[in-house]
Protein chains: 2
Amino acid sequence: MINSRLSVAIHILSLLAAYPHERLTSEFIAQSVNTNPVVVRRISGLLRKKGLIHTRPGTAGAVIARPPDSIRLLDIYEAVFSDNALFSVHENPNPNCPVGKRIQETLDDTFVRVEEAMKTELANQSLQDITEHLFS
Amino acid sequence: MINSRLSVAIHILSLLAAYPHERLTSEFIAQSVNTNPVVVRRISGLLRKKGLIHTRPGTAGAVIARPPDSIRLLDIYEAVFSDNALFSVHENPNPNCPVGKRIQETLDDTFVRVEEAMKTELANQSLQDITEHLFS
DNA sequence: CCACCTTGTAACAAAAACAGTTACATTTTA
DNA sequence: TAAAATGTAACTGTTTTTGTTACAAGGTGG
């Protein structure tokens with residue numbers, strides 16, 4: 001089971017999308033998510049690096065940087081997981097075994113295809129789809 | 001990043017598929033995977049419950065139970081992850097916030113669709129595809 | 001039939017991953 | 001210039017994952 005960073009990131013962006021004209025502080029967002037403000041700032045930092053939100057040291061609050069219908073869930077996924085692979089492959093299989101020798105490259109190939117399928121679906125859904133569901 | 005149980009499970013089944021007429025012990029398999037025999041027996045137990053392999057207390061070795069082209073990677077995934085959701089959703093968001101109130105059900109919906117896309121691709125690939133790649 | 005080997009499983013241990021927290025330098029602004 | 005917020009490092013507690021020890025119970029071959 002994948003950790004909850006994507007879940008929290010979408011929560012943060014949903015708030016910013018719902019209040020596009022306000023600057024929401026990490027303290028305020030943390031109360032909605034029910035976590036610590038530092039956790040929010042950590043994930044906000046990843047979203048900022050990807051250009052999805054604007055924040056600045058010293059200036060209170062975050063603001064969404066792009067229209068919600070232009071933000072794909074894949075953008076958010078890539079922001080919070082960067083280049084992590086979806087599935088781990090076990091390390092150091094036995095190179096003297098015909099299976100062990102090639103299992104890693106084989107699984108890498110296979111798992112990349114699975115990951116691509118997942119990412120395609122993440123690309124099909126936008127932040128606006130989320131907010132529409134939230135407020136309908 | 002998801003743990004390596006699927007990776008190890010596919011390794012085990014690849015060995016059994018490669019040697020369908022031999023009974024491979026957990027000790028032998030563990031040496032190919034490079035882990036402890038108990039780890040192999042734990043995962044083998046999950047594969048047995050799903051009817052993918054045959055093992056019996058007292059009798060040495062495991063044998064594959066179905067032709068490799070009939071075993072979808074989704075079967076293996078479901079064997080080792082049973083009913084785990086793909087993505088975690090953060091707990092106890094603030095019910096007094098319009099986003100917090102509905103974010104969980106919304107994300108549940110969304111993440112189920114993503115999971116379905118991933119499972120569809122896992123269903124498209126068989127154990128035989130893996131062994132063909134291994135031995136080509 | 002009995003010594004030997006294996007599986008299945010529980011219990012424990014070590015290591016890694018996660019989430020939460022404290023602390024504080026830096027930056028802005030009222 | 002005092003107050004307040006961000007960014008980030010460092011640390012802690014918890015949970016998950018993986019590895020290990022131990023052993024009962026089931027089969028096998030001599």
Side-chain angles (χ1 to χ4, degrees), chain A residues 1-9 11-12 15-16 22-50 52-63 65 79-82 84-94, chain B residues 1-9 11-12 15-16 22-50 52-63 65 79-82 84-94:
Chain A
M1 186 123 105
I2 297 172
N3 65 43
S4 62
R5 284 208 299 269
L6 179 59
S7 174
V8 172
H11 189 144
I12 293 171
L15 280 169
L16 300 185
E22 303 181 38
R23 301 191 66 89
L24 307 185
T25 67
S26 62
E27 173 64 38
F28 175 89
I29 296 171
Q31 281 182 21
S32 174
V33 173
N34 189 34
T35 185
N36 190 290
V38 176
V39 172
V40 171
R41 295 207 288 273
R42 263 202 298 248
I43 293 177
S44 294
L46 299 171
L47 299 176
R48 177 173 42 72
K49 278 185 201 157
K50 267 279 179 176
L52 302 180
I53 70 176
H54 295 303
T55 63
R56 284 194 324 203
T59 303
V63 178
V80 297
F81 294 123
S82 62
N84 285 156
L86 180 59
F87 290 102
S88 312
V89 174
H90 57 289
E91 314 246 295
N92 307 315
N94 190 338
Chain B
M1 186 123 106
I2 297 172
N3 65 43
S4 61
R5 284 207 298 270
L6 179 58
S7 173
V8 173
H11 189 144
I12 293 171
L15 280 169
L16 300 186
E22 303 182 38
R23 303 192 65 90
L24 307 185
T25 66
S26 61
E27 174 64 37
F28 176 89
I29 295 171
Q31 282 181 21
S32 175
V33 173
N34 189 33
T35 185
N36 191 291
V38 176
V39 171
V40 171
R41 294 206 288 274
R42 264 202 297 248
I43 294 177
S44 294
L46 299 171
L47 299 176
R48 178 173 41 72
K49 279 185 202 157
K50 268 278 179 176
L52 301 180
I53 71 176
H54 295 302
T55 63
R56 281 193 323 192
T59 303
V63 177
V80 296
F81 294 124
S82 62
N84 284 154
L86 180 59
F87 290 101
S88 313
V89 174
H90 56 289
E91 314 245 295
N92 306 316
N94 189 338

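Small disclaimer: the values here were computed from a predicted structure and weren't measured. Scope of the values below: all heavy atoms of this structure, side chains included, with no hydrogens, waters or symmetry mates.
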With sequence neighbours left out, what residues match A:E91 under side chain to side chain contact (heavy atoms under 4.5 Å, CB included)?
-> none
A:S88 versus B:S7, closest heavy-atom pair with distance = O-CB, 3.4 Å
Non-hydrogen atoms of B:A65 and B:H54 that approach each other most closely = CB-NE2, 3.4 Å
Mapping A:N3 and B:G61 onto DNA chain C by nearest heavy atom, which one lands closer to the 5' end?
-> B:G61
Gap between atoms [atom1] and [atom2], on [X] and [N] respectively (whole Å):
X     : N      : atom1 : atom2 : answer
B:F28 : C:dC5  : CZ    : P     : 19 Å
B:H54 : C:dT7  : NE2   : P     : 16 Å
A:I43 : C:dA19 : CD1   : P     : 8 Å
B:L47 : C:dG8  : CG    : P     : 11 Å
B:E27 : C:dG8  : CD    : P     : 15 Å

Check residues 40-50 of chain A and write down every donor-acceptor pair under 3.5 Å in which the side-chain atom is one partner and the other belongs to a residue at least two apart or another chain.
| from | atom 1 | to | atom 2 | distance (Å) |
| --- | --- | --- | --- | --- |
| A:R41 | NH1 | A:S26 | OG | 3.1 |
| A:S44 | OG | A:V40 | O | 2.9 |
| A:R48 | NE | A:T55 | OG1 | 3.1 |

With a non-hydrogen cut-off below 4.0 angstrom, is A:R48 in contact with a base, only sugar-phosphate, or nothing?
-> sugar-phosphate
For nucleotides 20-30 of chain C, just jot down a letter per nucleotide in 5' to 3' order: B, S or -, based on protein non-hydrogen atoms under 4.0 Å.
-> BBBB---BBS-
Listed by chain and number, what are the side chain to side chain donor-acceptor pair (under 3.5 Å) partners of B:R56, not counting sequence neighbours?
-> B:T59
Under the side chain to side chain donor-acceptor pair (under 3.5 Å) rule, collect the residues that match up with B:R5, sequence neighbours excluded.
-> none
For B:S26 and C:dT7, is the shortest distance between a side-chain N/O and OP1 or OP2 below 4.0 Å?
-> yes
Can you tell me if the side-chain N/O atoms of B:T55 get under 4.0 Å from OP1 or OP2 in C:dG8?
-> yes
The helix from C:dC1-D:dG30 to C:dA30-D:dT1: angle between terminal helix axes, five bp per end, to the nearest 10 degrees, reads 10°
Value for CD1 (A:I2) from CG (B:L86), rounded to nearest 0.5 Å, stands at 4.0 Å
Donor-acceptor pairs under 3.5 angstrom involving side-chain atoms of residues 28-36 of chain A: please list them, not counting sequence neighbours.
| from | atom 1 | to | atom 2 | distance (Å) |
| --- | --- | --- | --- | --- |
| A:Q31 | NE2 | A:E27 | OE2 | 3.0 |
| A:S32 | OG | A:H11 | NE2 | 2.7 |
| A:N34 | ND2 | B:N92 | O | 2.9 |
| A:N36 | OD1 | A:V38 | N | 2.9 |

When you list every nucleotide of DNA chain D with an atom under 4.0 Å from a heavy atom of chain B, which one comes first 5' to 3', and which comes last?
-> D:dT17 to D:dG27
